[in-house]
2 protein chains.
Amino acid sequence: MELGGRPVSYGVFSTAGGPPRLGARLGDRVVDLSAAGIFRATTLNPLMAAGPAVWREVFDQLADVDLEKHSHPVEGVRMHRPFDVADYADFYASVHHASNVGRIFRPHGAPLHENWRHLPIGYHGRAGTIVVSGTDVRRPAGPLGPGEFGPTRKLDFEAEVGFVVGVPSDGPVPIDAFADHVFGVCLVNDWSARDVQRWEATPLGPFLGKSFATSIGAWVVPLHALDLARVPAPAQDPVPSAYLRAAKPWALDLALEVRINGHLVSSPRFADMYWTADQQLAHLTVNGATLRTGDLFASGTVSGPAPDQRGCLLELTWDGRDPLTLPDGTTRTYLEDGDTVTVSATAPGGLSLGEVTGTIREAHS
Amino acid sequence: MELGGRPVSYGVFSTAGGPPRLGARLGDRVVDLSAAGIFRATTLNPLMAAGPAVWREVFDQLADVDLEKHSHPVEGVRMHRPFDVADYADFYASVHHASNVGRIFRPHGAPLHENWRHLPIGYHGRAGTIVVSGTDVRRPAGPLGPGEFGPTRKLDFEAEVGFVVGVPSDGPVPIDAFADHVFGVCLVNDWSARDVQRWEATPLGPFLGKSFATSIGAWVVPLHALDLARVPAPAQDPVPSAYLRAAKPWALDLALEVRINGHLVSSPRFADMYWTADQQLAHLTVNGATLRTGDLFASGTVSGPAPDQRGCLLELTWDGRDPLTLPDGTTRTYLEDGDTVTVSATAPGGLSLGEVTGTIREAHS
């Protein structure tokens, strides 16, 4: 779905001295939706809440914008967090990722837990520490083992795809009503401190190992702009419960790339995920949990079957056993202070989902 | 801490036809803080954000309110959710609760996981489904086991004490800075579907088993009003890491009571908790996680050493093995449709923390 040959995505930008406001990105230009008389807001939330008819209307109006008058070059603007996050849930939807994690942490057990193929496993994360791409991430300290406390020695990234809820719901969202509620897609990096996570996570799941920061892309691609990226979903065995069965199961064919300091280290494909976004939303709400505008749910680490398709360092270095050698000759087990991680993605037809990037700062002394 | 012999707590109320507004409860009267010219807001958040000096000022001004002119009888007002919840975290701080859960679910293993005495275990819950006391709770459906889906057969309550953050923080909150950030205390019932929770919770923790609803009391008791309830914290072995050691470890001596349909079923004491609230806040932020006004963190189920001090049905009925006989002759393993659960608490000197109550409605058909 393009507009005059130009893909579209939405974000919140400001120019020198100006307040944050809504923008639509068309190639290397950022349309000021307020100045163009299309939509006036300081976050995406009011637009997201307005629903599919308004989303389409705004999209259509972009065709008539006078770019000379109402747009800025993208290099000249400052980007802000695109929406106020309500609740943040994160899934664990790649069978390759979940199996690798199982092999690493439970070498003598089955790679997958018994429940994994029956339901999309997920947990709630911390919404208040979600930051926009470009924000530095400070190395967290935390408990590392019995009597041991300090800065994490196993700081990792997780390349993920996130889905943003626009239209609220008072109860279960049937799987085929996905597009009535979900506004769009953004890239996510769910930073993780593996040593903290491993020590704390039994029995209630990750907490400090993830809650220090989660980065999201500055640009949200509206769902309808990804129609061309729809592909059939992978087969599932066993057949899941009725609430997880779509009339026509679909996935999104997004090609992700992960770079450390500019060096490509992984190229996972989002279409390889076992559990799909519509299944995740149906699952999230099947117990009656309500949805709010700004709810974000992410896919979990996107990993493919090949070694160069692993979406985190835990897998890429097998928890440090097999260090990664970067083209500059340095090696990595986990992230070092000063490292910059960038996750980008494209959809068929050249549509860019932008990138999510962040640089590691040293721990608080 | 009382005011003219009358304890104080804060909430959001409305009268017939009127908008929600801030109220202070003095005994059986609700002072309209807006009408009395003290503080004008529709949620507690602006007052909570204003900080300790303003909290004390508002409290002091209550002494001069003309109750005839600016208050309503508490039976005549409708209560609303007292604050907008930012992030919701829940801990697992009772050694008796955690040990009982271990004995029930892992009868052949150690009752406590290896990490339990080293750090306050917690997880993030769903902020968007936090409802005010008095709101009905619909029995959730969810996955119950391989290929099995339906309404939970093990619907439980969890009697807890919650702490509400007023003043934000950009980084770690030292344990002795607790009172600079925490506005007050409210009761919490963390409703739980034990069958769903048990099936889904490995390895990322509870999700659908808890996310359908969490009830909080309508009244928030300011922290300074609980000074008289402070008692020394229980000893901890091993001695925890430095960030968890207060200059003068304290706990709160609150006597909780849990009733099903009016019948007392449990009387746990909050002073019996192993991990204390200041330790929880220090832990929550030690990794650099920021705090926002409206963040809520709850203690986890409050259970004492005696069988009649267990704060949930999982423990009280030993997962259904030992049904509870109520004084009306009926028995319970878990909650039935129509059951009303009420958690109340008092502090020394007769200060009431109010109650949190909810009635179970049948599952969606």
Side-chain angles (χ1 to χ4, degrees), chain A residues 86-90 92 101-102 105 113-115 118-119 121-129 138-143 145-149 152 171-172 193 196 199-209 211-213 238-239 241-243 283-284 286-292 295 363-364, chain B residues 86-90 92 101-102 105 113-115 118-119 121-129 138-143 145-149 152 171-172 193 196 199-209 211-213 238-239 241-243 283-284 286-292 295 363-364:
Chain A
D87 271 301
Y88 165 47
D90 194 20
Y92 192 52
V101 171
F105 287 143
H113 286 287
E114 189 199 353
N115 55 13
H118 292 275
L119 68 154
I121 297 291
Y123 68 98
H124 283 95
R126 190 161 185 83
T129 50
R138 194 179 283 280
R139 178 180 299 273
E148 214 185 335
F149 176 89
T152 176
V196 176
W199 173 230
E200 74 181 354
T202 302
L204 299 184
F207 191 55
L208 295 191
S211 64
F212 57 97
V239 173
S241 293
Y243 77 96
H283 185 70
L284 184 61
V286 76
N287 67 346
T290 52
L291 289 180
R292 294 182 292 171
D295 280 346
H364 275 288
Chain B
D87 272 302
Y88 165 47
D90 195 20
Y92 192 51
V101 170
F105 288 143
H113 286 287
E114 189 199 352
N115 54 13
H118 292 275
L119 68 156
I121 297 290
Y123 69 98
H124 283 95
R126 191 162 183 81
T129 51
R138 195 180 281 280
R139 179 180 298 273
E148 214 185 335
F149 177 89
T152 176
V196 176
W199 173 229
E200 74 181 355
T202 303
L204 299 184
F207 191 55
L208 295 191
S211 65
F212 56 96
V239 173
S241 293
Y243 76 96
H283 184 70
L284 183 62
V286 75
N287 66 346
T290 52
L291 290 180
R292 294 181 291 170
D295 280 346
H364 276 288

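Per chain, numbering begins at 1; letters A, B, ... match sequence-line order.
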Of the listed residues (B:F149, B:Y92, B:W199, B:Y123), which shares the most heavy-atom pairs with chain A below a 4.5 Å separation? B:W199

Best-contacting candidate, B:V239, B:T152, B:L204, B:D90, against chain A by heavy atom pairs under 4.5 angstrom: B:L204

Contact leader toward chain B among A:G288, A:A89, A:A242, A:G122, where contacts are heavy-atom pairs under 4.5 Å: A:G122

Residue, of B:P203, B:P238, B:P140, that accumulates the most heavy atom pairs under 4.5 Å with chain A: B:P203

With a 3.5 Å distance limit and no angle check, can you tell me whether A:N287 reaches the backbone of B:A141 through a side-chain donor-acceptor pair? no

Of B:P172, B:S211, B:G171, the largest count of non-hydrogen pairs under 4.5 angstrom with chain A goes to B:S211

Can you name the ring pair (Phe, Tyr, Trp, His ring centres under 6.0 Å) partners of B:Y88, sequence neighbours left out? none

Would you check, one step at a time, whether the test side chain to side chain contact (heavy atoms under 4.5 Å, CB included) holds for A:F207 with B:I121? CA-CA 8 Å; A:F207 191 55; B:I121 297 290; over 6 Å; no

Pair count under 4.5 Å, heavy atoms only, with chain B: among A:H124, A:R292, A:R139, highest is A:H124

Residues A:D295 and B:R126 bridged, charged N to O under 4.0 Å: yes

Got a sec, which residues hit salt bridge (Lys or Arg N to Asp or Glu O under 4.0 Å) with B:R138, two or more places apart in sequence or on another chain? none

Would you confirm whether B:E200, through its side chain, and B:G209, through its main-chain N or O, come within 3.5 Å as a donor-acceptor pair? yes

Per-residue contact mode, B:L208 against chain A (heavy atom under 4.5 angstrom): both

One option among B:G142, B:A86, B:P146 has the most heavy-atom pairs under 4.5 Å with chain A, and it is B:P146

May I ask you to name which of A:T290, A:L291, A:D87 has the most heavy-atom pairs under 4.5 Å with chain B? A:D87

Need one label for B:S241: side chain, backbone, both or neither, based on atoms under 4.5 Å from any heavy atom in chain A. side chain

Region of A:L119 in contact with chain B, defined by heavy-atom distances below 4.5 Å: side chain

Output the option from A:E114, A:H283, A:H364 having the highest count of non-hydrogen pairs under 4.5 Å with chain B. A:H283

